[in-house]
**Student:** 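I'd like to ask you about the structure that follows.
Just so you know, these numbers use all the heavy atoms, side chains as well, and skip hydrogens, waters and symmetry mates. Every value quoted in this text rests on a predicted model; they were computed, and no experiment measured them. Letters go in sequence order (proteins before strands), and every chain restarts at 1.
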There are 2 protein chains.
Amino acid sequence: MSKNPLKNIESINLGGGHRMTPQRRLVFDVLMKSQDHPTAAEVFMRVKNSMDSISLATVYNCLDTLVSAGAIKQVNLDREPSRYCGNLEPHAHFHCESCSSVLDIELNEGAEASKSVIIPKGAKAEKFEVAVRGKCPKCARRKN
Amino acid sequence: MSKNPLKNIESINLGGGHRMTPQRRLVFDVLMKSQDHPTAAEVFMRVKNSMDSISLATVYNCLDTLVSAGAIKQVNLDREPSRYCGNLEPHAHFHCESCSSVLDIELNEGAEASKSVIIPKGAKAEKFEVAVRGKCPKCARRKN
DNA sequence: TTTTTATCAAGAATTATTCTAAATAATAAT
DNA sequence: ATTATTATTTAGAATAATTCTTGATAAAAA
Ligand SMILES: [Mn+2]
Ligand SMILES: [Mn+2]
Ligand SMILES: [Zn+2]
Ligand SMILES: [Zn+2]
């Protein structure tokens, strides 16, 4: 069973006069099938299998549109290229320091991240993000 | 009272045959005096007041060296330029979405961020980071 | 002093991303 | 159905933060 129960892109409303297009559909589909948080360049390579004529600029455009529409998420690690995530469930990310892979991690109900920090008086906190870095299971078990 | 009780750079050991130099001292001093998480370009401008001949490349080099030595921290927000922080106490960061300022926020003792996520079996978590984004007190009170 | 090593500075190179402009396609208006 | 409007795609140029290269300088070691 896939973690991302294949959402039908037809059901996704992009809003603001945005059209559903073959390119956007393909980019979205790649993300729904991916568990590994691909970069724009990786999405580009995967989409090219279905549509050889697509350009990298279009992939960037589609990713931006889908992120704005809330259909996918953008994941930023330190100084590395942005990665994209098709898992819309609330979750956090684990960044492996040796292989740079990104894993979804579940949030613990009851232990909210919002309770771990003290928001300054008068500030309006809108989003809490927890990131963990370390070694992924694969890299942790490797000797050295 | 400053939040960063002016650490004497002489007392900082950079390790690995790294020398203390006037440039590194100045960059460090700027960070100790700053509460606002300046970017490399901002550090550059501030350091130029004391040493007009310093170059941006050197500021980048000094910042990297100081970060590696653990004398300062690097703070990365989404796709924006890196910022640097002289506050070595454990703390988190609040990113204002309207003015892009970065504020230190305190960690709540007892409600650890590590408890809010479920680490994958076999992974070695080394660092937990909580980031909050929203509107800083100044921007929140402004009538839109 | 001579040799070695680290650092600095200027500018070139890199790289992820955004922008520009022209072509194409979809939608709306007539 | 034609025409006009608007959105989209594409290739390539531009941008911007950062890193790299290289030739001085300077400090430390021999
Ligand atoms: Mn994810
Ligand atoms: Mn800070
Ligand atoms: Zn790994
Ligand atoms: Zn603000």
Side-chain angles (χ1 to χ4, degrees), chain A residues 9-10 12-30 37-48 50-69 71-84 95 100 102, chain B residues 9-10 12-30 37-48 50-69 71-84 95 100 102:
Chain A
I9 188 139
E10 302 294 356
I12 302 271
N13 187 283
L14 300 181
H18 285 333
R19 298 170 192 155
M20 184 46 54
T21 67
Q23 289 87 347
R24 285 173 180 162
R25 185 195 317 269
L26 288 171
V27 167
F28 180 81
D29 285 351
V30 158
H37 304 86
T39 63
E42 286 165 346
V43 171
F44 177 51
M45 294 193 312
R46 294 174 199 186
V47 167
K48 281 230 285 203
S50 318
M51 182 187 278
D52 191 55
S53 64
I54 199 170
S55 74
L56 179 56
T58 296
V59 170
Y60 271 106
N61 289 340
C62 292
L63 289 168
D64 285 355
T65 304
L66 292 167
V67 168
S68 308
I72 62 174
K73 283 183 185 164
Q74 185 167 8
V75 181
N76 294 308
L77 274 98
D78 294 290
R79 300 276 91 209
E80 291 176 25
S82 285
R83 294 174 173 274
Y84 297 87
H95 307 320
S100 290
V102 177
Chain B
I9 188 135
E10 302 294 357
I12 302 272
N13 186 283
L14 300 181
H18 286 333
R19 298 171 192 153
M20 184 45 54
T21 66
Q23 289 86 349
R24 285 172 181 162
R25 185 195 316 270
L26 288 171
V27 168
F28 181 80
D29 286 351
V30 158
H37 303 86
T39 62
E42 286 164 346
V43 172
F44 178 52
M45 293 193 311
R46 293 174 200 186
V47 166
K48 282 229 284 200
S50 317
M51 182 187 278
D52 192 54
S53 63
I54 199 170
S55 74
L56 179 57
T58 296
V59 170
Y60 271 106
N61 288 341
C62 293
L63 289 169
D64 285 355
T65 304
L66 292 167
V67 168
S68 307
I72 62 174
K73 283 183 184 163
Q74 184 167 9
V75 181
N76 295 309
L77 273 100
D78 293 289
R79 299 275 90 209
E80 290 177 25
S82 284
R83 294 174 172 275
Y84 297 86
H95 308 320
S100 290
V102 177

**Student:** Once you apply a heavy-atom cut-off of 4.0 Å, does Gln23(B) come out as touching a base, just sugar-phosphate, or nothing?
**Tutor:**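 The answer is sugar-phosphate, as Gln23(B) gets under 4.0 Å only of primed atoms, P, OP1 or OP2.
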**Student:** Quick one: is dT18(D) close enough that its OP1 or OP2 comes under 4.0 Å of any side-chain N or O from Ser82(B)?
**Tutor:**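 Answer yes for this pair, as a side-chain N or O of Ser82(B) is under 4.0 Å from OP1 or OP2.
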**Student:** Quick one: is His18(A) getting a side-chain N or O under 4.0 Å of the dT8(D) phosphate, OP1 or OP2?
**Tutor:**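 Checking dT8(D) against His18(A), a side-chain N or O does come within under 4.0 Å of OP1 or OP2.
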**Student:** Phosphate oxygens OP1/OP2 of dA6(C): is one of them under 4.0 Å from a side-chain N or O of Thr21(B)?
**Tutor:**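 Answer no for this pair, as no side-chain N or O of Thr21(B) is under 4.0 Å from OP1 or OP2.
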**Student:** Tell me the interatomic distance from Ile54(A), atom CD1, to dT24(C), atom P, rounded to whole angstroms.
**Tutor:**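 These atoms are roughly 18 Å apart.
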**Student:** Heavy-atom distance under 4.5 Å between the side chains of Tyr84(A) and Val67(A), does that happen here?
**Tutor:**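 In contact.
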**Student:** If I take atom CZ in residue Arg83(B) and atom C1' in nucleotide dA16(D), what distance separates them, rounded to the nearest angstrom?
**Tutor:**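 The distance from CZ of Arg83(B) to C1' of dA16(D) comes to 15 Å, rounded to the nearest Å.
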**Student:** List, with names and distances, any nitrogen or oxygen atoms from the protein found under 3.5 Å away from nitrogen or oxygen atoms belonging to nucleotides 19-28 of chain D.
**Tutor:**
none

**Student:** Which residue, Thr58(B), Val59(B), Thr65(B), forms the side chain to side chain contact (heavy atoms under 4.5 Å, CB included) with Cys62(B)?
**Tutor:**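 Result for side chain to side chain contact (heavy atoms under 4.5 Å, CB included) with Cys62(B): Thr58(B).
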**Student:** Could you give the CG-to-C1' distance, from Leu26(A) to dT9(D), as a whole number of Å?
**Tutor:**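 The distance from CG of Leu26(A) to C1' of dT9(D) comes to 14 Å, rounded to the nearest Å.
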**Student:** Without decimals, in angstroms, what is the distance between Glu80(B) CD and dT18(C) P?
**Tutor:**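 About 12 Å, once rounded to whole Å.
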**Student:** Nearest whole Å is fine: how far is dT10(D) P from Arg24(A) CZ?
**Tutor:**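 After rounding, the gap between these two atoms is 11 Å.
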**Student:** May I ask you to evaluate whether Ser55(A) reaches the phosphate of dT9(D), defined as a side-chain N or O under 4.0 Å from OP1 or OP2?
**Tutor:**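 Result: no.
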**Student:** Is Arg24(B) reaching over with its side chain to a backbone N or O of Leu66(B), donor-acceptor style, under 3.5 angstrom?
**Tutor:**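 Side chain of Arg24(B) to backbone of Leu66(B), a donor-acceptor pair under 3.5 Å: no, none is there.
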**Student:** Answer whether the closest heavy-atom distance between the side chains of Arg25(A) and Asp29(A) falls below 4.5 Å.
**Tutor:**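 Yes, at least one pair of side-chain atoms sits under 4.5 Å.
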**Student:** Determine the minimum heavy-atom distance between Arg79(A) and Asp78(B), stating which atoms define it.
**Tutor:**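 That would be NH2-O, 4.2 Å.
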**Student:** Tell me which of Thr39(A) and Pro22(B) sits closer to the 5' end of DNA chain C, going by the nucleotide each one is nearest to.
**Tutor:**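 This one resolves to Pro22(B).
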**Student:** Looking only at non-hydrogen atoms, find the nearest pair between Glu42(A) and Thr39(A) and report the distance.
**Tutor:**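 Heavy atoms only, the tightest pair is OE1-N, 2.8 Å.
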**Student:** For Leu77(B) and dA17(D), give me the distance from atom CG to atom C1', rounded to whole Å.
**Tutor:**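 One finds 14 Å between C1' of dA17(D) and CG of Leu77(B), rounded.
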**Student:** What is the distance, rounded to the nearest whole Å, between atom CG of Asn76(B) and atom C1' of dA16(C)?
**Tutor:**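 Answer to the nearest Å: 15 Å.
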**Student:** Less than 4.5 Å apart, side chain to side chain, heavy atoms only: is that true for Ile54(A) and Lys48(A)?
**Tutor:**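 In short, these two side chains touch, coming nearer than 4.5 Å.
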**Student:** Round to the nearest Å and state the distance from Glu42(A) atom CD to dT17(C) atom C1'.
**Tutor:**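 So the two atoms are 16 Å apart, to the nearest Å.
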